[in-house]
Trainee: 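Can you read through this structure? Questions will come right after.
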There are 2 protein chains.
Amino acid sequence: MKKPERVTETILNHWREAVPNDRLAHLVKDATRGLTRALQSRLATEGVSFGHWVFLRILWEKDGLTQRELSLEAGLMEPTTFSALVAMEKLGYVTRRKLPHSRKNVYVFLTEQGRALKAKLVPMAEEVNRIAIAGLPASEIATTRRVLLTMIEHLARDEAAQDQGGN
Amino acid sequence: MKKPERVTETILNHWREAVPNDRLAHLVKDATRGLTRALQSRLATEGVSFGHWVFLRILWEKDGLTQRELSLEAGLMEPTTFSALVAMEKLGYVTRRKLPHSRKNVYVFLTEQGRALKAKLVPMAEEVNRIAIAGLPASEIATTRRVLLTMIEHLARDEAAQDQGGN
DNA sequence: AAAGAAAACTTAGAACCCTAAACATTCTCA
DNA sequence: TGAGAATGTTTAGGGTTCTAAGTTTTCTTT
């Protein structure tokens, strides 16, 4: 048997202590882990992996995208996208087709099976979100959203600057 | 040559659009990725991997911990900790020793080399933090910290509940 | 004191994401 | 129009983390 309560307490006490300024990164990372784990365990009940969820969500909005476009939307590198989509094709969620006007691009379309997953999976993500932010004022969520977006922006600019100047 | 600016713009535009409520998770995850990448590229200049940084930081505060204790502090599973520490021992950053009073526990101590990394690495983490939160009011950072902590708490409780009730 | 539970470590195997580089196709422009 | 740049996909390989299960040691309880 596990003793999840004790573990939970240890993790939380860890965070309630004096938290030096440079540990915001650690906090963001832990939140990601919590969110990922919560969704992952729910998706698993339908046999869907977290990595595939990312692409399904994009494709439900709009399919027929190229792998490059999917990479940008998902914020992942091409090889990551490539291997996920090959696996998803094998599972019957998507098809990967070259269209007549280009022999270079690979266009990705949902199958019926892939499209049908939406009805089961989306409520799972909504539940996780609901649990995570329960009781928090909308204004604080909005602030958090803005802060995170600003951080992402700053870090993306830093990365771009390093790619340029740092050679 | 890359074109990092265009990629950056695509990522940021993506986020500035109408963001449905359930995408807070996505935002948190992107922030983690940005923070991780920024620190990772800096650590790489000293030949240190991100996974090792996590444990070095804990050990600089207090060494002589067991692997189990390190797992809890780092918020990682035991096998993750185990393989990181074996690698770190091979690199000469730490030693793993059994002490006379227990043949079960493995205690981890920094070597001189491991301890010496602190002076070079900590400023890198501080720089990343500074870049990320530049210009943001302290009050908004504090709110973000509180919101993230609450989310972690909710998700940890949910996970514990599932372990218990869910068989 | 011995059986069984618990704790700590280790092994095995998989998922996910990355960088670097090769390859194929398309575009640009001199 | 043809050389080189740019774009998009694919291959190869590595890092980080996880779950599941095995081993060893220690603790608990009768």
Side-chain angles (χ1 to χ4, degrees), chain A residues 1-3 6-7 10 29-30 32-34 36-41 43-44 47-55 65-72 74-91 96-108 159 162-163, chain B residues 1-4 6-7 10 29-30 32-34 36-41 43-44 47-55 65-72 74-91 96-108 159 163:
Chain A
M1 296 293 154
K2 285 191 199 173
K3 294 217 171 171
R6 191 180 302 173
V7 174
T10 305
K29 195 169 188 197
D30 266 24
T32 296
R33 244 198 305 256
T36 301
R37 275 215 268 255
L39 182 52
Q40 207 158 36
S41 76
L43 294 175
V48 175
S49 80
F50 185 83
H52 296 170
W53 153 263
V54 172
F55 294 103
L65 298 175
T66 65
Q67 293 184 172
R68 179 94 183 82
E69 289 168 336
L70 281 168
S71 296
L72 269 175
L76 298 172
M77 297 296 107
E78 281 90 344
T80 304
T81 303
F82 172 74
S83 61
L85 289 171
V86 167
M88 289 169 74
E89 183 169 47
K90 209 164 286 174
L91 288 169
R96 298 166 60 250
R97 292 211 298 275
K98 300 204 173 186
L99 298 186
H101 71 280
S102 165
R103 254 177 296 175
K104 191 165 63 166
N105 301 29
V106 174
Y107 296 87
V108 180
E159 196 176 343
Q162 284 203 298
D163 283 356
Chain B
M1 298 292 156
K2 284 190 198 172
K3 294 217 173 169
R6 192 180 302 174
V7 173
T10 306
K29 196 168 187 199
D30 266 23
T32 297
R33 245 198 304 256
T36 301
R37 274 214 269 254
L39 183 52
Q40 208 159 37
S41 76
L43 294 175
V48 175
S49 81
F50 185 84
H52 296 170
W53 153 264
V54 172
F55 293 104
L65 299 174
T66 66
Q67 292 186 174
R68 179 95 183 84
E69 290 167 335
L70 281 168
S71 296
L72 270 175
L76 298 172
M77 299 293 107
E78 280 89 346
T80 305
T81 303
F82 172 75
S83 61
L85 289 172
V86 167
M88 288 169 75
E89 183 169 48
K90 209 164 286 173
L91 288 169
R96 298 166 61 248
R97 291 212 296 275
K98 300 204 172 186
L99 299 186
H101 72 280
S102 166
R103 252 175 298 174
K104 191 164 61 167
N105 301 29
V106 173
Y107 296 86
V108 180
E159 196 176 342
D163 284 355

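Remember, predicted model here, so these are calculated numbers, not experimental data. Labels below follow one simple rule: chain letters A, B, ... track the order of the sequence lines, proteins then strands, and each chain is numbered from 1.
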Trainee: Just to confirm, is there a sub-4.0 Å distance from OP1 or OP2 of D:dC18 to any side-chain nitrogen or oxygen of B:T80?
Mentor: yes
Trainee: Go nucleotide by nucleotide along DNA chain D from the 5' end; which of A:F82 and B:A84 gets its closest nucleotide reached first?
Mentor: A:F82
Trainee: For a quick check, tell me whether the side chain of B:K104 and the base of D:dT26 share a donor-acceptor pair closer than 3.5 Å.
Mentor: no
Trainee: Tell me whether the side-chain N/O atoms of B:R96 come closer than 4.0 Å to OP1 or OP2 in C:dT10.
Mentor: yes
Trainee: From the set D:dT9, C:dC18, C:dC9, return the single nucleotide nearest to any side-chain atom of A:R68.
Mentor: D:dT9
Trainee: Could you give the CZ-to-C1' distance, from A:R103 to D:dT10, as a whole number of Å?
Mentor: 17 Å
Trainee: Considering just the side-chain nitrogens and oxygens of B:R37, establish if one lies under 4.0 Å of OP1 or OP2 belonging to C:dC18.
Mentor: yes
Trainee: Just the rounded figure in Å: distance from P of C:dC17 to CH2 of A:W53.
Mentor: 14 Å
Trainee: If you assign B:P79 and A:V54 each to the DNA chain C nucleotide with the nearest heavy atom, which residue ends up on the more 5' nucleotide?
Mentor: B:P79
Trainee: Is the phosphate of C:dC16, meaning OP1 or OP2, less than 4.0 Å from a side-chain N or O of B:K29?
Mentor: no
Trainee: Side chain of B:S102, heavy atoms from C-beta onward: which of D:dG15, D:dT26, D:dT10 has the nearest atom to it?
Mentor: D:dT26
Trainee: Any chance you could measure A:R97, atom CZ, to A:N105, atom CG, to the nearest 0.5 Å?
Mentor: 14.0 Å
Trainee: Consider the side chain of A:E78, meaning its heavy atoms from C-beta on, and name the nucleotide among D:dC18, C:dT25, D:dT9 that approaches it most closely.
Mentor: D:dT9
Trainee: Which value, rounded to the nearest 0.5 Å, describes the distance between A:T32 atom OG1 and B:R33 atom CZ?
Mentor: 9.0 Å
Trainee: Would you say a side-chain N or O of B:S49 is under 4.0 Å from OP1 or OP2 of D:dT16?
Mentor: yes
Trainee: Hey, could you give me the CG/OG1 distance between A:L70 and A:T80, rounded to the nearest 0.5 Å?
Mentor: 12.5 Å
Trainee: Nearest to the B:L76 side chain among D:dT17, D:dT11, D:dG8, which nucleotide is it?
Mentor: D:dT17
Trainee: Considering every strand and a 4.0 Å limit on heavy-atom distances, what is the contact class for B:S83: base, sugar-phosphate, or nothing?
Mentor: base
Trainee: Without decimals, in angstroms, what is the distance between B:H52 NE2 and D:dG14 P?
Mentor: 15 Å
Trainee: Within this structure, what is the CE-to-C1' distance between A:M77 and D:dA12, rounded to whole angstrom?
Mentor: 18 Å
Trainee: B:Q67 side chain: which of C:dC18, C:dC9, D:dC18 is closest?
Mentor: C:dC9
Trainee: Rounded to the nearest 0.5 Å, how far does CZ of B:F50 lie from CG of B:L39?
Mentor: 5.5 Å
Trainee: Given atom NZ of B:K98 and atom C1' of D:dT26, what is their separation to the nearest angstrom?
Mentor: 12 Å
Trainee: In whole Å, I'd like the distance from the CZ atom of B:F55 to the P atom of D:dG15.
Mentor: 16 Å
Trainee: How close or far is atom P of C:dC16 from atom CD of B:Q40, stated in whole angstroms?
Mentor: 19 Å
Trainee: Starting from P on D:dT16, measure out to CZ on B:R33 and report it in whole angstrom.
Mentor: 17 Å
Trainee: How about B:V108 and B:M88: do any of their side-chain heavy atoms sit closer than 4.5 Å?
Mentor: no
Trainee: To the nearest 0.5 Å, tell me how far A:S102 OG sits from A:Y107 OH.
Mentor: 5.0 Å
